[in-house]
Asks: 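Below are the structure tokens for one structure; questions will follow.
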There are 2 protein chains.
Amino acid sequence: MTITVPVPRPETRWTRRKDARPAELLAAALDLFVERGYAATRLDDVARRAGVSKGTLYLYFESKEELFKAVIRGGLVPAIQRNERLVQDHAGTMADLLEKIIRNWWQDVGNSQIGGIPKLMFAEARNFPDLAHFYQQEVINRGYKLVGEVVELGQRRGEFPPMDTEHATRIVLAPLVFLLLWRHSFDGCDGTRIDPEAYLRVHLGIILDGLRGRPSNEPAKAPRTAADPATSRR
Amino acid sequence: MTITVPVPRPETRWTRRKDARPAELLAAALDLFVERGYAATRLDDVARRAGVSKGTLYLYFESKEELFKAVIRGGLVPAIQRNERLVQDHAGTMADLLEKIIRNWWQDVGNSQIGGIPKLMFAEARNFPDLAHFYQQEVINRGYKLVGEVVELGQRRGEFPPMDTEHATRIVLAPLVFLLLWRHSFDGCDGTRIDPEAYLRVHLGIILDGLRGRPSNEPAKAPRTAADPATSRR
DNA sequence: TACGTTCCTGACCGCCCGGTCATCAGGGGC
DNA sequence: GCCCCTGATGACCGGGCGGTCAGGAACGTA
């Protein structure tokens, strides 16, 4: 990828930057999609944030929908692929693997801009069935399968007791998705802000003890964290 | 509430039905808000579905925002109040209470039209801060406090081990919210449909075992459900 | 310096939506 | 049977947005 002129010279009205445009447009689009949602995002604004006019946007992307798909392909899909590789290569216990996946996912998705996309998809799925289908294929099904395999394998190995893996997988994923949604909607709105680290630690503790049926305190593997009282405020 | 003429006579262009209009408009609004979201719902459509013109809608509601608030006040708030009373009156274990609350909530909210509102609120919170604030006050905070009290009480009584109640409460609630969101977004989109009953049963099993740290199979209290294989299909 | 290609612009089109208001007609009261 | 209040209408306004396109500016080439 070559960038001809990183900072456009001010004396000319505009500069040719064919190579840089797509990435810049995608970045601007991600920002605005996450901030406002799909329908509420105006292509005029996306273009302006990328420093071009709306007409230019249409030189690089066929339509609003294609722009959005490109954002997903570049942002969420790679994060999933990383964990797919992790599952293939992992050797230790399934509990460890689960923890690793959760932490990876938080690093890649939760802690970055792209984490706002799931909220958006839940919101617009019914209004834009084509987008919903695309997202379900590329993100939901793959992510679900990923975690489902871990749960199922853990059960078959005897690490987890027998259970309804179908729904257990969803129970494992639900709080992760919820955290994403919360962060991009109500978080910090009314003084209530979730601390992701603590939240994920508690989640992991609960599902592991639930999945394994451990008696109680084995702080090494499943850090049930006797409630750092410092984080509790209300 | 008196209804003068239940079915408008066809020979007149319209009928006066001052008493019936608000409820009919609210019902129509709920339908459409849930179906399409807040911003995407057109007041023209709401009016038409209620059998009146847009002008009439403005006779009864000041604005789109006030219409929406009225929908929430009439639909979600009562469901919460019911459980607030339940918590006050309950005598048995906290695990039992938790189960009751979850089942109540599913009956009142999950299984009805109003269950689509949370998705909508997550979606539009950032774009409509006033609505978000209202919703957080009237629904989120109250619901959170409700469940939080149960968790905390269970812990103080020794029924649940010591833990970070703040986040544990959210982990309990997250799968419930997730189920609502799923039902009103992707559910049934790609053949993947969640069975609410089974899902909630598994959820309850996981959080109770997690919360209590039970060894494994005590099917009476915490029905861990050795996976009815019938419900598993994929 | 002059030219042709490539990249970019911004005005424009058609359509949509929240909210308003002059006007009309239903129907209770007499 | 008539009147008048009031519930109800629907055309209209201002603003906004996805998508198009004719024209113009930048830049490699010679």
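The basis for the numbers below is simple: all heavy atoms, side chains too, and nothing from hydrogens, waters or symmetry mates. All figures in this text were calculated on a predicted structure; none of them were measured in a lab. Chain A is the first sequence line, chain B the second, and so forth, proteins listed ahead of strands; every chain is numbered from 1.
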Asks: Looking at D/dA25, does its base get a donor-acceptor pair with the side chain of A/Arg13 below 3.5 Å?
Replies: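 When only heavy-atom distances are counted, A/Arg13 does not reach the base of D/dA25 through any donor-acceptor pair under 3.5 Å.
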Asks: Separation of B/Leu43 atom CG from C/dC16 atom C1', in whole Å?
Replies: 13 Å
Asks: Taking 4.0 angstrom as the limit, do B/Arg49 and B/Glu24 come out as a salt bridge?
Replies: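 The answer is no: the pair does not qualify as a salt bridge.
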Asks: How many Å lie between NZ on B/Lys64 and C1' on C/dC17, as a whole number?
Replies: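 Nearest whole value for this atom pair: 8 Å.
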Asks: Should the pair B/Arg73-B/Glu138 be classified as a salt bridge under the 4.0 Å nitrogen-to-oxygen rule?
Replies: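 Judged by the 4.0 Å cut-off on N to carboxylate O distance, B/Arg73 and B/Glu138 do not form a salt bridge.
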Asks: Rounding to an integer number of Å, can you tell me how far B/Arg42 CZ sits from C/dG18 P?
Replies: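 For the pair B/Arg42 CZ and C/dG18 P, the rounded distance is 8 Å.
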Asks: Would you indicate, yes or no, if D/dA26 has its OP1 or OP2 atom less than 4.0 angstrom from a side-chain nitrogen or oxygen of A/Arg17?
Replies: no
Asks: Go nucleotide by nucleotide along DNA chain D from the 5' end; which of A/Asp45 and B/Val52 gets its closest nucleotide reached first?
Replies: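 Checking each residue's closest nucleotide, the 5'-ward one belongs to B/Val52.
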Asks: Parallel, tilted or perpendicular: which fits the ring planes of B/Phe178 and A/Phe122, with parallel below 30° and perpendicular above 60°?
Replies: perpendicular
Asks: What is the separation between atom CZ on B/Arg48 and atom P on D/dT9, rounded to the nearest whole Å?
Replies: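 For the pair B/Arg48 CZ and D/dT9 P, the rounded distance is 12 Å.
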Asks: Among the nucleotides D/dG10, D/dT20, D/dG24, which one has an atom lying closest to any side-chain atom of B/Ser53?
Replies: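 From the listed options, D/dG10 comes nearest.
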Asks: Counting only side-chain heavy atoms from C-beta out, which of D/dC27, D/dG7, C/dT20 sits nearest to B/Tyr58?
Replies: C/dT20
Asks: What is the distance from CD of A/Glu65 to P of D/dG18, rounded to the nearest Å?
Replies: 14 Å
Asks: Whole angstroms only, please: what is the NZ-C1' distance between A/Lys54 and D/dC21?
Replies: 12 Å
Asks: Examine B/Arg193 relative to B/Trp182 and say whether NZ or CZ is less than 6.0 Å from the centre of the six-membered ring and inside a 45° cone about the ring axis.
Replies: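 No - B/Arg193 does not lie over the ring of B/Trp182 by the 6.0 Å and 45° rule.
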Asks: What's B/Leu59 touching, base or sugar-phosphate or nothing? Going by heavy atoms closer than 4.0 Å.
Replies: base
Asks: What is the distance from CZ of A/Phe61 to C1' of C/dC8, rounded to the nearest Å?
Replies: 16 Å
Asks: Would you classify B/Tyr60 as touching base, sugar-phosphate or nothing, given that sugar-phosphate means primed atoms plus P, OP1 and OP2, and contacts are heavy atoms under 4.0 Å?
Replies: sugar-phosphate
Asks: Check this for me: does any side-chain nitrogen of one of B/Arg126 and A/Glu35 sit under 4.0 Å from a carboxylate oxygen of the other?
Replies: no
Asks: For A/Leu57 and D/dC21, what is the distance between atoms CG and C1' respectively, to the nearest whole Å?
Replies: 16 Å
Asks: Report the nucleotide, chosen from C/dG27, D/dG18, C/dT9, that has the shortest atom-to-atom distance to any side-chain atom of A/Thr56.
Replies: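 So the nucleotide nearest the side chain must be C/dT9.
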